[in-house]
Amino acid sequence: MLIVNSPVKEIKEIQKDIFLQKIYSPEIARQIKPGQFLNIRVSETVSPLLRRPFSICDVEGDYIFIMFNIFGEGTRILSHKHSGDTIDILGPLGNGFNLDDDFDLAVIVAGGLGSAPFPFLTRLLAGKVEIVSFIGGKTKDDVITYNLLNTQPATDDGSLGFPGNVVQLFEKNINSLNGKKVKVFGCGPNAMLRALKEVCITHNINCEVSTECAMACGFGICQGCPIESTQQSDKYLLVCKDGPVFNVKDVVI
């Protein structure tokens, strides 16, 4: 875990209200793994007081990328950073996706901004295993396919691709996965992750998901991001320290 002041290289709006920030940070770029996250101090003032967690979106040489929308004051400030501005980053944090499992087909299931962790994962898996990406959103404007492969969209309002949610689209295509060693990688709203967990357990499919929770410290000191374990009665894990990536069999989502 490092604390570094890293200069912003560029920021661009890759689609409506979705921003991609490119940051020069060779120290973190050398260490970070898909599914891990950063805790970023977006302002030198006391407002906002706490750091903000961001999934690592991609890594390219000495550069790291984060993807975000404007959700509050912190992300609004971050969206106005210019090339050369520095930001205070704490990371890499948490546990990422396990890429050592035995699988020959990686299935990405993402809803909305849940697409954010998957460009880096795709970069590392491309050419090694087959990849298919089921990407959902409320409308076509919410479907984020940046740097993903073999994308199949789903929208709640039917404006793009499959008319329904992304887990329904995934379940509709499960029969096409027969005969392959499949691993599912998911990220999105908790309701989506609960539905994905149910489908994967029903069909005995290996599945890891990146979970979200309000975080303060980012490394387990404040105990502010508990998630219930299924393996030990009355035991809670911490999203920031034990996750944010968990096998769906191990936690109550």
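Checked against side chain to side chain donor-acceptor pair (under 3.5 Å), R76 has the following partners two or more places apart in sequence or in another chain: E73. In this view, N98 and D100, D101, K183, E208 satisfy the side-chain contact (heavy atoms from CB on, under 4.5 Å) rule, not counting sequence neighbours. In terms of the side chain to side chain donor-acceptor pair (under 3.5 Å) criterion, residue partners of D250 (sequence neighbours excluded) are, by chain and number, Q231. In this structure D141 satisfies the side chain to side chain donor-acceptor pair (under 3.5 Å) test with no other residue, sequence neighbours excluded. Partners of C217 according to the side-chain contact (heavy atoms from CB on, under 4.5 Å) rule, which considers only residues two or more places apart in sequence or in another chain, are F219, I221, C222. Here F71 pairs with N69, T75 under the side-chain contact (heavy atoms from CB on, under 4.5 Å) rule; sequence neighbours left out. Under the side chain to side chain donor-acceptor pair (under 3.5 Å) criterion, S25 pairs with S6, sequence neighbours left out. Remark: E198 engages T202 in a side-chain contact (heavy atoms from CB on, under 4.5 Å) (not counting sequence neighbours).
Rounded to the nearest 0.5 angstrom, E10 CD and K12 NZ are separated by 5.5 Å. Remark: D142 CG to D156 CG distance equals 8.5 Å, nearest 0.5 Å. Atom CD1 of I201 and atom NZ of K249 lie 7.0 Å apart (nearest 0.5 Å). The OG atom of S55 lies 8.5 Å from the CZ atom of F37; values are rounded to the nearest 0.5 Å. Atom-to-atom distance recorded for I28:CD1 and I64:CD1 is 5.0 Å, nearest 0.5 angstrom. K16 contributes atom NZ, which lies 13.0 Å from atom CD1 of I144 (distance to the nearest 0.5 angstrom).
Between R52 and L38 the shortest side-chain heavy-atom distance does not fall below 4.5 Å. In this structure, the side chains of I11 and L20 stay at 4.5 Å or more apart for every pair of heavy atoms. Proximity of L237 to E228: side-chain heavy atoms (C-beta onward) are nowhere separated by under 4.5 Å. Side chains of F19 and I14 form no contact here, defined as non-hydrogen atoms less than 4.5 Å apart. No side-chain heavy atom of Q31 sits less than 4.5 Å from a side-chain heavy atom of Q36.
Using a 4.5 Å cut-off between side-chain heavy atoms of Ile, Leu, Val, Met, Phe, Trp and Tyr, with links allowed through other members, L2 and V42 fall into the same hydrophobic cluster. Under the 4.5 Å side-chain heavy-atom criterion for Ile, Leu, Val, Met, Phe, Trp and Tyr, V109 and V182 are members of the same hydrophobic cluster. F65 and F68 are assigned to two separate hydrophobic clusters, defined by single-linkage of ILVMFWY side chains at heavy-atom distances under 4.5 Å. Linking Ile, Leu, Val, Met, Phe, Trp and Tyr whenever their side-chain heavy atoms come within less than 4.5 Å leaves V8 and Y24 in two separate clusters. Hydrophobic clustering keeps Y146 apart from L160 (ILVMFWY residues linked when any side-chain heavy atoms are closer than 4.5 Å, directly or through intermediates).
Between the side chain of Q223 and the backbone N or O of G220, at least one donor-acceptor pair lies under 3.5 Å. For N204 (side chain) and C200 (main-chain N/O), no donor-acceptor pair under 3.5 Å exists by modelled atom type. A distance-only check finds a donor-acceptor pair linking the side chain of S83 to the backbone of K9 [under 3.5 Å]. One N or O on the side chain of N165 and one on the backbone of Q168 form a donor-acceptor pair closer than 3.5 Å. With hydrogens and angles disregarded, no donor-acceptor distance shorter than 3.5 Å links the side chain of T145 to the backbone of L148. Using a distance-only test at 3.5 Å, with no hydrogens or angles considered, a donor-acceptor pair links the side chain of Q15 to the main chain of V143. S210 contributes no side-chain N or O that, together with a main-chain N or O of V245, makes up a donor-acceptor pair within less than 3.5 Å.
Pairing each heavy atom of G61 with each of A29, the nearest pair is O-CB, 3.5 Å. Between F170 and L177 the shortest heavy-atom distance is CE1-CD1, 3.9 Å. Taking every heavy atom of both residues into account, M67 and F54 meet most closely at O-CD2, 4.5 Å. Closest of all the heavy-atom pairs between K197 and V251 is NZ-O, 2.6 Å. Closest of all the heavy-atom pairs between G164 and A154 is O-CB, 3.6 Å. Between V239 and C213 the shortest heavy-atom distance is CG2-CB, 3.9 Å.
With Y63 as the aromatic partner, K22 meets the cation-pi criteria of under 6.0 angstrom to the ring centre and within 45 degrees of the ring axis.
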Practice task
Just do the side chain to side chain contact (heavy atoms under 4.5 Å, CB included) check on V209 and L193 with the steps written out, would you?
Solution key: CA-CA 7 Å; V209 296; L193 297 185; 4.0 Å; yes

Exercise for the section: Check step by step if side chain to side chain contact (heavy atoms under 4.5 Å, CB included) holds for F162 and Q152. Expected result: CA-CA 8 Å; F162 175 79; Q152 297 189 36; over 6 Å; no

Practice task
Give the intermediate values and the outcome of side-chain hydrogen bond (donor to acceptor under 3.5 Å, both in side chains) for residues N206 and N247.
Solution key: CA-CA 8 Å; N206 185 14; N247 190 289; 3.2 Å; yes

Contacts under 3.5 angstrom, residues 85-93 side chains, donor-acceptor by atom type, not counting sequence neighbours:
from, atom 1, to, atom 2, distance (Å)
D85, OD2, H82, N, 2.8
D88, OD1, R51, NH1, 2.9
D88, OD1, R51, NH2, 2.7

Would you give me the side-chain donor-acceptor pairs under 3.5 Å for residues 184-191, sequence neighbours excluded?
none

Which donor-acceptor pairs under 3.5 Å do side chains of residues 119-136 form with protein atoms, sequence neighbours excluded?
from, atom 1, to, atom 2, distance (Å)
T122, OG1, F118, O, 2.8
R123, NE, D58, OD1, 2.9
R123, NE, V59, O, 3.1
R123, NH2, D58, OD2, 3.0
K128, NZ, L124, O, 3.4
E130, OE1, K180, NZ, 3.4
S133, OG, L149, O, 2.8

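Q21 CD: more than 12 foreign heavy atoms inside a 6.0 Å radius. In this structure, K33 places its NZ atom where only 12 or fewer heavy-atom neighbours from other residues, nucleotides or ligands lie under 6.0 Å away.
Y236 belongs to no hydrophobic cluster, as no Ile, Leu, Val, Met, Phe, Trp or Tyr side chain comes under 4.5 Å of its own.
For the side chain to side chain contact (heavy atoms under 4.5 Å, CB included) test with F246, the passing option among I227, I253, T230 is I227; the others fail.
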